[in-house]
Every structure is written in structure tokens, then in C-alpha cells.
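Basis for what follows: all heavy atoms, side chains included, without hydrogens, waters or symmetry-related copies.
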Amino acid sequence: MRDLCARFPGEYWRKLDEARAYPEEFVRALTDAGWLSALIPEEYGGAGLGITEASIVLEEVNHSGANSGACHAQMYIMGTLLRHGSDAQKRKYLPDIAAGRLRLQSFAVTEPTTGSDTTRLKTMAIRKGDRYVVNGQKVWTSRVQHSDLMLLLARTTPFEQVQKKSEGLSVFLVDMRSSAGKGVTVRPIRNMPNHETNEVFLDNLEVPAENLIGEEGKGFRYILDGMNAERILIAAECVGDGHWFIERASRYASERVVFERPIGQNQGIQFPIARAHVSVEAADLMRYKAAALFEAGKPCGAEANMAKMLAADASWEAANVCLQTHGGFGFAAEYDIERKFRETRLYQVAPISTNLILAYIAEHVLGLPRSY
């Protein structure tokens with residue numbers, strides 16, 4: 001991974017950032033080398049690796065100074081298809097995904113009016129013969145412009161008609177090649193980092209019934225597998241970011257001479273960098289613990305959430321330390337710090353905010369009353 005990423009230095013990412021462009025060449029290189037098919041079983045042409053190895057791949061992407069946000073979804077979406085897709089679906093899609101002929105990079109869950117309250121989403125899929133007709137709206141649907149397939153969560157039973165709010169949700173695999181302009185309208189959202197994300201409007205979109213993943217109405221449970229994988233992989237990316245910031249800060253502090261001494265000789269510079277390093281190392285351990293539980297098929301919701309929160313906090317701490325260490329030069333684009341600073345800030349909010357993680361821990365681990 002380090003060898004591959006070395007072919008795409010900071011200059012490559014700066015040009016993309018300035019042009020607000022997608023790193024097509026980089027994603028293609030990862031695909032051709034087989035890294036993005038790490039989780040696909042060998043029988044379908046993948047590497048057959050676990051979430052631990054997948055997390056290392058994405059960690060190294062960010063550690064190199066790149067941004068996994070352009071391609072990481074293929075890793076965590078894969079779990080829903082692998083664990084809950086039919087044999088026919090796996091045979092149809094996985095070999096082409098593994099070979100790079102198809103991209104599964106988009107996950108349509110969040111909606112403008114419901115946000116993280118997933119069970120209240122309003123997009124409806126109504127069965128009509130051999131297909132479902134879908135109407136609704138999604139937001140923050142990333143990479144849809146560069147994905148052949150999109151995983152879609154929609155209600156198949158109205159909220160008012162279910163006994164448990166988590167029931168009545170279903171997962172579909174949408175073929176964007178045949179759907180674009182035929183029930184799907186995409187509107188890009190310009191945002192702080194150079195991250196390709198969109199609003200998606202679904203107007204009488206027809207999805208073949210054979211594209212339903214698993215059982216109708218059980219979709220919420222299916223995507224939880226994907227969400228736990230997502231938390232673990234995002235944690236690894238943040239660890240990679242943290243290492244990048246700390247290495248940059250340490251090198252600059254050793255080389256930068258002011259008042260006839262390296263600034264890194266001053267404890268006021270040393271201590272924040274050292275503390276950030278400690279935080280990243282601690283978060284890294286929780287990442288590996290969560291990954292081990294996930295691979296063993298054991299409950300890992302708490303650990304996956306804690307790993308994501310600790311790692312996101314650690315990378316943000318490291319980002320601030322790195323910027324402060326560089327002083328004014330930290331704001332100069334040629335140093336790449338301001339770009340990485342913007343990229344890692346996202347993980348305080350997405351894919352789940354720190355406050356929601358704390359609410360989950362309070363209720364499900366500590367037994368405190370449910371707050372929402």
C-alpha cells in the first residue's frame with residue numbers, strides 16, 4: 001500500500017483539491033491492484049481478507065497523505081451484500097466488482113428531514129409485480145457520480161403500520177447505469193473538503209424485485225453490519241491521518257530553527273505533539289479490538305463506536321497540533337496541512353456525530369435512560 005500511495009504525492013492531491021475533482025487515477029490504481037476487493041471471498045475473485053486487513057489498507061491511504069473518502073465505501077458496503085445477499089446476487093455482482101468492472105461505492109441512507117434518525121426515513125418502495133417503485137429523497141450520498149451500484153435503504157411498510165420502529169425497512173441494490181435519468185436525479189453538494197457527495201431525488205424509480213437484499217422489512221438489521229464495519233474503517237482512516245500529522249509536525253519541529261534552536265527543543269512544542277501521538281496509539285488499539293470482535297461474529301457496536309470516536313478525536317487533536325507547530329506555513333496549500341485539516345475535521349460529524357456515539361454508550365453500555 002505504501003508503495004502504491006507513493007506514486008500519488010501531495011502535488012497530485014493538491015491539484016485535485018483546487019479543481020474539486022475526483023481522484024479517478026488513484027481509485028483505478030487501488031482497484032487494479034486488488035486492494036478494494038480485499039473483503040470479497042476468493043471464490044468470487046477477491047482477496048478473502050477480514051475487516052482488520054481492510055482497515056490497514058485504508059489507514060495507509062490516509063497515512064500517505066491521501067484521502068480514503070474517495071473509495072472507502074466499497075469496503076464497508078460490502079458487508080451487507082456478503083452477509084445478507086443471495087447466492088444469485090453474489091454470483092452476479094461480486095466477480096465484476098472484484099475485477100474492477102463494477103463499482104459499489106454509494107450508500108443512500110440519510111435524508112434531509114430525518115438525519116441520523118434512520119428509522120424515520122420517508123423514502124418508500126412499493127412492490128408492484130416483479131419490481132418495486134421507489135419515491136423519496138436522500139442527502140449526503142457520496143460517490144454516486146462515480147459508482148455503478150448504489151445500496152439504498154427505503155421503507156417498504158409505512159412507519160405507522162409497524163410494531164417496532166426498526167421494522168419495515170428494506171435494502172436494495174440499485175444499478176445506477178440504467179437508473180440515471182430514469183427515476184434518479186443527482187445534485188452535487190459543494191463542501192469544505194473535496195468530497196464528492198450529493199442530494200439524490202428518487203421519482204418513480206423502478207428496481208427489480210430480485211435486487212432486494214435479504215428479506216423485505218429486515219433491512220435495518222442488515223445495514224447495522226455495514227455501519228459497524230464503517231465505524232471500524234473510519235477509525236483506521238483517522239489513525240492514518242493522525243500518524244501523518246504527527247510525523248509532519250515532528251519533522252518540522254526538528255528542522256525549523258528560531259532563536260538559534262530547533263523549535264522542537266521547546267517543551268511547549270514537544271508536549272502537544274507527544275500527547276497527540278499517545279491519543280492516536282490508544283485509539284489504534286480500540287480499532288483492533290473492534291475489528292477482532294467483528295471478525296469473530298460477536299457484538300461490537302460499542303467497540304466500533306468507541307473506536308470511531310477516539311480515533312476521530314485523536315486525528316483532530318493531531319491536526320490542530322500540526323497546524324500550530326507549522327505556524328503560518330500550516331495555512332499554505334503547498335504543505336498539504338490545510339487540506340488534510342479540512343478532511344479529518346469531517347469525522348467529528350460523519351458518518352456519525354460524536355454526540356450520538358456518546359448517547360449510544362450511555363444507553364447501551366452504561367444502562368442510562370434513553371435520551372432520544
Side-chain angles (χ1 to χ4, degrees), residues 50-52 54-55 58-59 72 75-76 79-80 83-84 107 109-111 113-121 140 153 159 162-169 171 218-242 275-321 344-372:
I51 199 75
T52 298
S55 74
L58 297 181
E59 174 189 350
H72 58 193
M75 296 286 200
Y76 60 76
T80 304
R83 294 189 175 201
H84 306 291
F107 195 28
V109 176
T110 307
E111 297 185 1
T113 59
T114 55
S116 297
D117 192 359
T118 304
T119 59
R120 291 276 187 172
L121 62 80
W140 308 121
L153 184 67
F159 184 83
V162 297
Q163 294 184 342
K164 293 176 61 178
K165 65 179 184 178
S166 60
E167 296 176 345
L169 293 164
V171 179
K218 305 293 184 182
F220 186 73
R221 179 168 61 85
Y222 301 158
I223 67 163
L224 287 181
D225 280 340
M227 287 181 173
N228 284 332
E230 180 185 49
R231 311 275 193 269
I232 295 167
L233 295 172
I234 293 296
E237 293 176 32
C238 290
V239 167
D241 277 346
R275 182 174 289 276
H277 173 72
V278 171
S279 297
V280 171
E281 290 294 296
D284 201 16
L285 290 175
M286 183 56 77
R287 176 269 291 256
Y288 281 116
K289 179 179 181 180
L293 290 171
F294 184 92
E295 289 177 351
K298 296 179 180 179
C300 65
E303 290 78 8
N305 274 289
M306 287 190 284
K308 189 270 176 183
M309 188 185 104
L310 288 171
D313 285 351
S315 70
W316 183 230
E317 178 187 3
N320 281 281
V321 166
T344 211
R345 179 60 178 85
L346 174 65
Y347 296 126
Q348 289 290 313
V349 175
I352 182 173
S353 75
T354 298
N355 284 345
L356 282 174
I357 290 176
L358 293 172
Y360 177 92
I361 298 300
E363 178 187 354
H364 295 281
V365 177
L366 304 180
L368 294 170
R370 185 180 179 90
S371 62
Y372 64 92

Closest heavy-atom contact between V365 and A302? CG2-CB, 3.6 Å

Can you name the closest pair of heavy atoms from A307 and A235 and give their distance? O-CB, 3.5 Å

Do I234 and E230 come close enough that some side-chain heavy atom pair is under 4.5 Å? yes

Mind running side-chain contact (heavy atoms from CB on, under 4.5 Å) on F220 and V171 for me, showing each step along the way? CA-CA 8 Å; F220 186 73; V171 179; over 6 Å; no

Is any side-chain heavy atom of R287 closer than 4.5 Å to one of S55? yes

Using the rule given for side chain to side chain donor-acceptor pair (under 3.5 Å), can you reason through D241 versus S315, listing the C-alpha separation, both sets of side-chain angles and the distance that settles it, and then say yes or no? CA-CA 6 Å; D241 277 346; S315 70; 5.1 Å; no

Please give me the minimum heavy-atom distance between A304 and I232, naming the atom from each residue. CB-CG1, 3.9 Å

Heavy-atom pair with the smallest gap, counting every atom of A290 and C300: O-CB, 4.1 Å

Find out whether L293 and K298 are in side-chain contact, i.e. whether some heavy atom of one side chain is under 4.5 Å from a heavy atom of the other. yes

If you measure only the distance, is there a donor-acceptor pair under 3.5 Å linking the side chains of Q348 and D313? yes

How many angstroms lie between NZ in K165 and CZ in R120, if you round to the nearest 0.5 Å? 7.0 Å

Is it the case that over 12 heavy atoms from other parts of the model lie below 6.0 angstrom from the NE2 atom of H84? yes

Begin from the C-alpha positions of R221 and S166 and carry the test side chain to side chain donor-acceptor pair (under 3.5 Å) through to its verdict. CA-CA 8 Å; R221 179 168 61 85; S166 60; over 6 Å; no

Nearest 0.5 Å, what's the CG-CD1 distance between L368 and I361? 11.0 Å

Could you grab the distance from atom CG of L169 to atom OG1 of T119, nearest 0.5 Å is fine? 7.0 Å

Could you state the interatomic distance from CG (N355) to OG (S116), rounded to the nearest 0.5 Å? 10.5 Å

Is it the case that R345 places NZ or CZ above or below the six-membered ring of Y347, under 6.0 angstrom from the centre and within 45 degrees of the axis? no

As a quick check of understanding, evaluate side-chain contact (heavy atoms from CB on, under 4.5 Å) for L233 and M75, giving each step before the final call. CA-CA 8 Å; L233 295 172; M75 296 286 200; 3.4 Å; yes

T80 to Y222 - nearest heavy-atom pair and separation: OG1-O, 3.7 Å

If you round to the nearest 0.5 Å, how far is CG of L58 from CD of E237? 5.0 Å

Are Y372 and D117 side-chain neighbours, meaning at least one heavy-atom pair lies under 4.5 Å? no

Give, for atom CG of L121 and atom OG1 of T114, the distance between the pair rounded to the nearest 0.5 Å. 5.5 Å

Heavy-atom pair with the smallest gap, counting every atom of A311 and V239: CB-CG2, 4.2 Å

Close side-chain approach of M227 to P351, heavy-atom, < 4.5 Å: no

Treating N305 as the side-chain partner and G301 as the backbone partner, does any N or O pair qualify as donor plus acceptor under 3.5 Å? yes

I'd like to know if the side chain of E295 pairs up with that of T52 as donor and acceptor (distance under 3.5 Å, no hydrogens or angles considered). yes

A side-chain contact here means heavy atoms from C-beta on lying under 4.5 Å apart; do E317 and R275 qualify? yes

Presence of salt bridge, E167 and K218, under 4.0 angstrom: no

Check whether any side-chain heavy atom of M306 lies under 4.5 Å from a side-chain heavy atom of I357, and answer yes or no. no

